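Numbered from 1 within each chain, the chains take letters A, B, ... in sequence-line order. The structure displayed is predicted, hence computed values, not measured ones. The figures that follow rest on heavy atoms only: side chains count, while hydrogens, waters and symmetry mates do not.
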Number of protein chains: 2
Amino acid sequence: MRKQRHQAYTCCPLEAALDVMGSKWKATILFRLLDGTRRFNELRRLMPNVTQRMLTLQLRELEADGMILRKVFAEVPPKVEYSLSDLGRTLEPLLRELYQWGQTHIQRKQPEASPEPASSSIEKKILRSSN
Amino acid sequence: MRKQRHQAYTCCPLEAALDVMGSKWKATILFRLLDGTRRFNELRRLMPNVTQRMLTLQLRELEADGMILRKVFAEVPPKVEYSLSDLGRTLEPLLRELYQWGQTHIQRKQPEASPEPASSSIEKKILRSSN
DNA sequence: CGGTATCCGGTGCGATACTG
DNA sequence: CAGTATCGCACCGGATACCG
């Protein structure tokens with residue numbers, strides 16, 4: 001029996017939606033799969049910051065939630081292809097809007113000093129890069 | 001100096017967007033504030049599962065990110081009002097779509113047995129309730 | 001190639017108590 | 001009313017090693 005995924009559910013659709021794609025990597029994985037089918041190491045190359053372990057774990061959760069499909073080819077060397085399921089596809093507009101929102105509201109901070117002091121500190125969050 | 005919020009940033013707008021509202025409680029808080037200004041304990045009552053500590057912490061982060069406004073009244077007893085900032089308002093369509101997606105695709109499982117075995121395990125996630 | 005297994009540190013977060 | 005302070009542990013997630 002698998003443990004109940006994260007913490008707990010209050011019953012709110014919002015939380016359910018976020019549980020399914022709200023984590024950094026799940027969203028990114030789904031986003032990358034919008035372009036089409038990807039193999040495991042393709043995804044790794046597309047997302048250099050995620051460890052193999054985490055990529056595997058997140059893919060398994062997405063699969064268990066029915067968001068993606070995992071197709072294993074009985075070959076040597078092994079070959080596994082990941083793609084969005086129909087359910088996963090329904091997230092497409094949401095993912096694109098999320099991406100768009102990030103682009104619009106969290107534009108990369110320029111090296112030059114801002115004209116005005118900037119109303120929020122969001123920009124800073126973009127600065128720290130991959131470890 | 002405050003620590004750089006979560007883990008790290010790869011530079012992806014998706015992650016930035018999720019960092020700002022991607023956590024269960026941040027999203028819920030923002031969603032609640034769509035209806036209008038709320039006092040601290042009003043929010044607590046609206047979200048019985050979040051502890052006082054977490055509510056405070058999440059509100060502070062949202063404030064630091066410029067998503068919400070915190071207005072303190074110099075009265076006894078104290079009174080603090082939270083509301084969405086202009087930036088926070090820009091998330092409204094996204095939040096509503098997220099909510100809608102949850103409603104559409106993760107309908108509450110009925111006590112009755114499903115006609116077909118159900119293609120995914122998402123429904124289970126809605127079952128475990130607040131601790 | 002596409003994973004598991006194991007170890008282990010950091011921190012997210014709840015519980016509880018105290019405060020202006 | 002609207003918070004801080006402190007404790008404690010679960011678990012998230014990185015590093016590394018091994019496997020079919």
Quick one: is Y82(B) getting a side-chain N or O under 4.0 Å of the dC1(D) phosphate, OP1 or OP2?
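No, Y82(B) has no side-chain N/O under 4.0 Å of OP1/OP2 on dC1(D).
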May I ask you to evaluate whether T51(A) reaches the phosphate of dG14(D), defined as a side-chain N or O under 4.0 Å from OP1 or OP2?
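Answer is yes, contact under 4.0 Å.
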Considering only distance and modelled atom types, tabulate donor-acceptor pairs under 3.5 Å from the side chains of residues 85-95 of chain A, sequence neighbours left out.
from, atom 1, to, atom 2, distance (Å)
S85(A), OG, G66(A), O, 2.5
S85(A), OG, M67(A), O, 2.9
S85(A), OG, L87(A), N, 3.3
S85(A), OG, G88(A), N, 3.0
R89(A), NH1, E92(A), OE1, 3.1
T90(A), OG1, L87(A), O, 2.4
T90(A), OG1, W101(B), NE1, 3.0
E92(A), OE2, R96(A), NE, 3.1
E92(A), OE2, R96(A), NH2, 2.9

Minimum heavy-atom separation for [X] and [Y], please, with both atom names.
X      : Y      : answer
Q58(B) : S23(B) : OE1-OG, 3.3 Å
T37(A) : S83(A) : OG1-CB, 3.5 Å
R32(B) : L46(B) : NH2-O, 3.8 Å
L43(B) : L55(B) : CB-CD2, 4.0 Å
A27(B) : M21(B) : CB-O, 3.4 Å

If the condition is ring pair (Phe, Tyr, Trp, His ring centres under 6.0 Å), which residues does Y99(A) pass it with, not counting sequence neighbours?
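So Y99(A) forms a ring pair (Phe, Tyr, Trp, His ring centres under 6.0 Å) with F31(A).
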Counting only non-hydrogen atoms, which of residues 71-81 of chain A are less than 4.0 Å from DNA chain D?
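Within residues 71-81 of chain A, the residues near DNA chain D are P78(A).
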Report the end-to-end axis angle of the helix from dC1(C)-dG20(D) to dG20(C)-dC1(D); each axis comes from five terminal pairs, and the value is rounded to 10°.
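The angle, to the nearest 10 degrees, is 50°.
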Partner residues of R53(B) under the side-chain contact (heavy atoms from CB on, under 4.5 Å) criterion, sequence neighbours left out:
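For R53(B), the residues satisfying side-chain contact (heavy atoms from CB on, under 4.5 Å) (neighbours in sequence not counted) are T51(B), L57(B).
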Rounded distance (Å) that lies between atom [atom2] of [N] and atom [atom1] of [X]:
X      : N       : atom1 : atom2 : result
M54(B) : dC13(C) : CE    : P     : 5 Å
K24(B) : dC13(C) : NZ    : P     : 9 Å
L57(B) : dG3(D)  : CG    : C1'   : 11 Å
Q58(A) : dG14(D) : CD    : C1'   : 13 Å
L59(B) : dC13(C) : CG    : P     : 14 Å
L55(A) : dT4(C)  : CG    : P     : 11 Å

Applying side chain to side chain donor-acceptor pair (under 3.5 Å), can you list everything that pairs with Q100(B), at least two apart in sequence or on another chain?
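T104(B).
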Show every salt bridge (Lys or Arg N to Asp or Glu O under 4.0 Å) that has at least one partner inside residues 66-77 of chain B, sequence neighbours left out.
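As it turns out, there is no salt bridge (Lys or Arg N to Asp or Glu O under 4.0 Å) pair with a partner in residues 66-77 of chain B once direct neighbours are skipped.
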Pair listing, ring-ring contact (aromatic ring centres under 6.0 Å, His included) test, anchored in residues 42-93 of chain A, at least two apart
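Qualifying pairs, neighbours excluded: none.
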Straight-line distance of D65(B) CG to R60(B) CZ, nearest 0.5 Å:
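The CZ atom of R60(B) is 13.5 Å from CG of D65(B), to the nearest 0.5 Å.
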Of residues 35-43 of chain A, the positions that come close to DNA chain C - non-hydrogen atoms, cut-off under 4.0 Å:
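Heavy-atom contacts with DNA chain C come from R39(A), F40(A), N41(A).
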My understanding is that only residues two or more places apart in sequence, or in another chain, count here; which of them pass salt bridge (Lys or Arg N to Asp or Glu O under 4.0 Å) with R38(B)?
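E42(B).
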Protein-nucleotides 4-7 of chain D N/O pairs under 3.5 Å:
from, atom 1, to, atom 2, distance (Å)
dT4(D), OP1, R60(B), NH1, 2.6
dT6(D), O4, R53(B), NH1, 3.4

